[in-house]
Amino acid sequence: MDERFPLPYQIGFIVLTALFAVAFSISREPRQWRRFWQSRFTRPEDFSVNRNKYLDERLKHYGIVFAMIFLVLDVGVILTGLTHKARHESRLPTLEERLLKQRPATLEE
């Protein structure tokens, strides 16, 4: 596996990208998603034109909000995954740090 972009970050990227795509598609076509939902889970007597218009507007609004949240999280996961190696490389200790490690512990400390 490539250490420059570890597996947990790859999985997070795939999941967040899929969630972004679903949320964005819902916000683009809210009527289709509402009709799909209603055909699966509601009775035909529960349909109302005003209620359906309100639901379409709310789906569009929340779909865009959630899509943007997923997009920002997706970019964050990409950036943290790409910088993972640089952030976890062991840096060389300074002269003071090396001397502190070599100094024997005294009773006064």
Side-chain angles (χ1 to χ4, degrees):
M1 184 59 43
D2 192 9
E3 290 298 320
R4 291 177 291 168
F5 196 66
L7 184 62
Y9 294 105
Q10 293 176 15
I11 293 170
F13 167 70
I14 292 169
V15 169
L16 288 171
T17 302
L19 289 172
F20 166 76
V22 169
F24 191 71
S25 70
I26 289 173
S27 69
R28 293 282 297 156
E29 297 292 334
R31 185 175 296 146
Q32 286 179 336
W33 287 95
R34 177 192 40 85
R35 286 180 180 167
F36 174 74
W37 177 266
Q38 286 178 337
S39 70
R40 297 282 183 196
F41 301 107
T42 61
R43 296 184 309 244
E45 304 90 45
D46 294 339
F47 293 138
S48 166
V49 173
N50 290 334
R51 182 173 177 265
N52 289 343
K53 184 176 179 182
Y54 173 76
L55 289 175
D56 290 343
E57 291 170 359
R58 300 312 306 168
L59 277 173
K60 188 169 202 153
H61 172 75
Y62 285 115
I64 291 172
V65 169
F66 283 112
M68 292 304 112
I69 289 170
F70 290 136
L71 181 63
V72 168
L73 290 174
D74 199 15
V75 170
V77 166
I78 291 170
L79 291 177
T80 56
L82 290 175
T83 60
H84 176 78
K85 184 177 179 182
R87 289 182 291 118
H88 288 92
E89 282 182 345
S90 61
R91 61 179 178 83
L92 295 175
T94 63
L95 178 61
E96 290 177 349
E97 291 172 341
R98 282 185 278 158
L99 290 175
L100 285 175
K101 282 186 178 181
Q102 291 175 356
R103 194 178 85 196
T106 61
L107 295 176
E108 297 172 0
E109 292 181 353

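Considering CD1 of I69 and CG of L19, their distance stands at 11.5 Å, rounded to 0.5 Å. In this structure, OG1 in T17 is found 11.0 Å from CG in L73, a value given to the nearest 0.5 Å. One finds the CD1 atom of I64 at 12.0 Å from the CD1 atom of I26 (value rounded to the nearest 0.5 Å). Remark: T80 OG1 to Y9 OH distance equals 5.0 Å, nearest 0.5 Å. Between L100 atom CG and Q102 atom CD the span is 10.0 Å, to the nearest 0.5 Å.
For R35, there are no side-chain hydrogen bond (donor to acceptor under 3.5 Å, both in side chains) partners at least two apart in sequence or on another chain. Y54 pairs by the side-chain hydrogen bond (donor to acceptor under 3.5 Å, both in side chains) definition with nothing, not counting sequence neighbours. Every residue two or more places apart in sequence or in another chain that forms a side-chain contact (heavy atoms from CB on, under 4.5 Å) with I11 is listed here: L7, V15.
No continuous path of ILVMFWY side-chain contacts below 4.5 Å connects V65 to W33, so the two sit in separate hydrophobic clusters. Cluster membership for L71 and V77, using ILVMFWY side-chain heavy atoms within less than 4.5 angstrom, is shared.
Taking both residues in full, the closest heavy atoms of P6 and G81 are given as CD-O, 3.8 Å, listed atom of the first, atom of the second, then distance. The shortest non-hydrogen separation linking R34 to L55 is CD-CB, 3.9 Å. For the pair S27 and G63, the tightest heavy-atom approach, listed with the atom from each and the gap, is CB-C, 3.6 Å. Taking both residues in full, the closest heavy atoms of D56 and P30 are given as O-CB, 3.6 Å, listed atom of the first, atom of the second, then distance.
Side chains of F70 and F66 form a contact here, defined as non-hydrogen atoms less than 4.5 Å apart. Between L79 and V75, the closest side-chain pair of non-hydrogen atoms falls below 4.5 Å.
For H84 and F5, the gap between ring centers reaches or exceeds 6.0 Å.
Applying the 6.0 Å contact sphere to CZ of R58 captures more than 12 heavy atoms from other residues, nucleotides or ligands.
In this structure, F24 and F20 have parallel ring planes: the angle between them is below the 30° cut-off, well short of the 60° mark.
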